[in-house]
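The model shown is predicted, which means the values in this text are computed figures rather than measured ones. Indexing begins at 1, ligand by ligand and atom by atom, following the structure's order.
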Amino acid sequence: MKVLLTEAQIATRIKDLAAQIERDLPGEEGIHFVCVLKGGFMFMSDLVRSMGPRVTLDFIAVSSYGTGTRSSGEVRMQKDLDYGLEGRDVIIVEDIVDTGLTLTYLQDILRARSPKSLRTACLLSKPSRRKVEVRVDYIGFTIEDHFVVGYGLDYAEKYRNLPHIAVLDGE
Ligand code: IMP
């Protein structure tokens, strides 16, 4: 598998994103991170470790892919949040925005829960594959149309533990 983004490149970029988020939400008020499982777990973990003490966390799980490399277009909730979002500054943390269908679904259902603000951070974006326009406030890296794995991203549940992002063989 070819390495597309090294561990060091990812670490540097995530520090930039964390600083940008703190600049956009100055002050003492909490920042509530919603990690989209499973792919977002490593990104979230590194992002919040670069931030101060005013962070709270929650987790949501949705499925949009079977075991293939192409989206079915159908998004289903598998695990809802444990806490409400009313009056909070919320940041959705997602691994990748591809067609945009998953994020559109998530933003719609979370916005309906009356957060004070709702922003989205994605480690990766594949703009050439977009089917719906979706707003992403923080993007780590924009990539070409490759199926990538590692750093949380899987193929058939494998490779999530790689510390870097790699292009899957045969892509
Ligand atoms: P979207 O709904 O098409 O934007 O897809 C978003 C979801 O599809 C992501 O949260 C990933 O779980 C998955 N996905 C999209 N592209 C890739 C990829 O290149 N590798 C691994 N998973 C991907």
Sub-4.0 Å atoms of ligand 1 with respect to non-hydrogen atoms of T99: 1 (P), 2 (O), 3 (O), 4 (O)
Determine, step by step, whether R130 and E133 satisfy the salt bridge (Lys or Arg N to Asp or Glu O under 4.0 Å) criterion, reporting the C-alpha distance in whole Å, the side-chain angles of both residues, the deciding distance to 0.1 Å, and the verdict. CA-CA 7 Å; R130 213 69 95 241; E133 270 319 305; 5.6 Å; no
Short question: side chain of K79, backbone of F59 - any donor-acceptor pair under 3.5 Å? yes
Would you please determine whether L124 falls within less than 4.0 Å of ligand 1 on a heavy-atom basis? no
So, R119 side chain and I91 main chain: donor-acceptor pair closer than 3.5 Å or not? no
Could you establish whether R129 and ligand 1 come within less than 4.0 Å of each other, counting only heavy atoms on the residue side? no
Output the list of atoms in ligand 1 that are nearer than 4.0 Å to some heavy atom of H146, sorted by atom number. 19 (O)
Against ligand 1, does L103 come closer than 4.0 Å with any heavy atom? no
Any atoms of ligand 1 less than 4.0 Å from a non-hydrogen atom of D154? List them with their elements. 21 (C)
Per-atom contacts of ligand 1 with K126, taking only distances under 4.0 Å to non-hydrogen atoms: 16 (N), 17 (C), 18 (C), 19 (O)
What are the two closest heavy atoms between C122 and L103, and how far apart are they? SG-CD1, 3.6 Å
Heavy-atom contacts with D95 under 4.0 Å: which atoms of ligand 1 show up? List them by number with element. 9 (C), 10 (O), 11 (C), 12 (O)
Return yes if some donor-acceptor pair links the side-chain N/O of Q107 with the main-chain N/O of R135 below 3.5 Å, else return no. yes
Touching ligand 1 at all, V149? Heavy atoms, strictly under 4.0 Å? no
Under 4.0 Å from ligand 1, counting heavy atoms only, is it the side chain of L153, its backbone, both or neither? side chain
Can you sort out which atoms of ligand 1 are near E94, meaning under 4.0 Å from one of its heavy atoms? 10 (O)
For K131 and ligand 1, answer yes if some heavy atom of the residue is under 4.0 Å from a ligand atom, otherwise no. no
Evaluate the side-chain proximity of V62 to Y105: yes if any heavy-atom separation is below 4.5 Å, no if none is. yes
Considering only heavy atoms from C-beta outward, does the side chain of I31 approach that of V48 to under 4.5 Å? no
Using side-chain heavy atoms (C-beta onward) and a distance below 4.5 Å, is L25 in contact with E29? no
Give the minimum heavy-atom separation between R49 and S45, together with the two atoms involved. NH2-OG, 3.0 Å
With a cutoff of 4.0 Å, is G100 in contact with ligand 1, counting heavy atoms of the residue only? yes
List every atom of ligand 1 that sits less than 4.0 Å from any heavy atom of T102, numbering the atoms from 1 in the order shown and giving each element. 1 (P), 2 (O), 5 (O), 6 (C)
